[in-house]
Amino acid sequence: MAKKGEGQRTFFRIMTVIGVLVIGGLVYSFLGAAPDLSDSTYHKNSPSAEECMQCHVQHLDKAPIMPHRPMGSCTFCHQPPD
Ligand code: HEC
Ligand code: HEC
C-alpha cells in the first residue's frame, strides 16, 4: 500500500472538521427553531406528551397543529415558560 501523502492527510482532516461543523450546525439550528411554550394556562403544570398532542393534533382552541411527527419529550425542544 502506498503511503498517503501529508497533503492528502491534511485534506481529509479538513473535510472531517467541515463535516462535523455542518452536522452540528444543522442539529443546533433545528433545536433552536422550536418555539418556546407560551406562558398560558394551557401549558401550566408541564403536560405530558400525550396531553400536548390532544390539543396539538387538532385545532382545539386555536392550538397550532404540530407540524412534525411526535418526537419523544416535547419539552426537550419546546422550553416551558418558567
Ligand atoms: C389544553 C390544550 C393544550 C395543551 C395540553 C398544550 N397546548 Fe400548546 N397551545 C395550545 C393553544 C391554544 C396554543 C395557542 C395559544 C397560545 O400560544 O397560548 C398553543 C401554543 C403552542 C405552541 C406555539 C407557541 C408559539 O409561540 O408559537 C407550541 C410550540 C405548543 N403550544 C406546544 C405545546 C407542548 C409541547 C405541549 C405539552 C408540553 C402543549 N403545547 C400543551 C393548547 C395546548
Ligand atoms: C427535536 C425537537 C422537537 C421535539 C422533541 C418536538 N418539537 Fe415541536 N417543533 C420543533 C420545531 C423545530 C418546530 C418549528 C417547525 C417549523 O416552524 O416548521 C416545532 C413546531 C411545533 C408546533 C407549531 C408551533 C407553531 O407556532 O406553529 C407545535 C404545536 C409543536 N411543535 C408541538 C410539539 C409537541 C406536542 C411535541 C411533543 C409530542 C413536540 N412539538 C416535540 C421541534 C420539536
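In each ligand, atom 1 is the first atom listed, and ligand 1 is the first ligand listed. What you are looking at is a predicted structure, and each value in this text was computed from that prediction instead of being measured.
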N or O pair under 3.5 Å between E51 and ligand 1: no
Value rounded to 0.5 Å, distance of CD in Q54 from CD in E50: 8.5 Å
Side chain to side chain, Y42 and L37, heavy atoms closer than 4.5 Å: no
P35 neighbourhood, listing ligand 1 atoms whose heavy-atom distance to it stays under 4.0 Å: 27 (O), 29 (C)
F76 touching ligand 2 at heavy-atom level, < 4.0 angstrom: no
Sub-4.0 Å atoms of ligand 2 with respect to non-hydrogen atoms of H56: 29 (C)
Residue, atom name and distance, where the atom is the protein heavy atom closest to atom 32 (C) of ligand 2: M66 CG, 3.7 Å
E51 side-chain N/O to S48 backbone N/O, donor-acceptor pair under 3.5 Å: yes
Shared hydrophobic cluster, I14 / V22 (ILVMFWY, side-chain heavy atoms < 4.5 Å): yes
Protein heavy atom at shortest distance from atom 42 (C) of ligand 2: A34 CB, 3.6 Å
Element-labelled atoms of ligand 1 that are located less than 4.0 Å from some non-hydrogen atom of H78: 29 (C)
Atom 7 (N) of ligand 2 protein-contacted, heavy-atom criterion under 4.0 angstrom: yes
Which segment of M71 sits under 4.0 Å of ligand 2 when only heavy atoms are counted: both
For C74, atoms of ligand 1 separated by under 4.0 Å from a heavy atom: 35 (C)
Rounded distance [0.5 Å steps], NE2 in H56 versus CD1 in I65: 9.5 Å
Atom 8 (Fe) of ligand 1 to nearest N/O/S of C52 below 2.8 Å: no
Shared hydrophobic cluster for I23 and L26 (ILVMFWY, side-chain gaps under 4.5 Å): no
Proximity flag A63 to ligand 2, non-hydrogen atoms under 4.0 Å: no
For A33, the ligand 2 atoms whose distance to one of its heavy atoms is below 4.0 Å: 12 (C), 14 (C)
Polar proximity ligand 2 side, H68 side, N/O cut 3.5 Å exclusive: yes
Protein heavy-atom partner closest to atom 12 (C) of ligand 2 - residue, atom, separation in Å: F30 O, 3.3 Å
Under 4.0 Å to a heavy atom of C55 - the qualifying atoms of ligand 1, by number: 1 (C), 2 (C), 3 (C), 4 (C), 5 (C), 42 (C), 43 (C)
Closest contact, heavy atoms only, H43 versus P47: O-CD, 3.9 Å
N or O pair under 3.5 Å between H43 and ligand 1: yes
Contact (N/O only, under 3.5 Å) between S38 and ligand 1: yes
Point-to-point distance, once rounded to the nearest 0.5 Å, from NE2 of H78 to CG of L31: 10.0 Å
L37, portion touching ligand 1 at heavy-atom distance under 4.0 Å: side chain
Cluster overlap F76 with M71, hydrophobic side-chain contacts below 4.5 Å: yes
Least distance between heavy atoms, C52 atom then C74 atom: SG-SG, 3.7 Å
Closest protein heavy atom to atom 26 (O) of ligand 1, given as residue, atom name and distance to 0.1 Å: D36 O, 4.0 Å
Verify atom 18 (O) of ligand 2: protein non-hydrogen atom under 4.0 angstrom away: no
Separation of L21 CG from T16 OG1 (nearest 0.5 Å): 11.0 Å
Distance-minimising heavy-atom pair for C55 and A63: O-CB, 3.6 Å
Close N or O approach (S73, ligand 2; < 3.5 Å): no
Closest protein heavy atom (residue, atom, distance) for atom 15 (C) of ligand 1: Y42 CE1, 4.4 Å
From P64, C77, P67 - option closest to atom 22 (C) of ligand 2 by heavy atom: P67
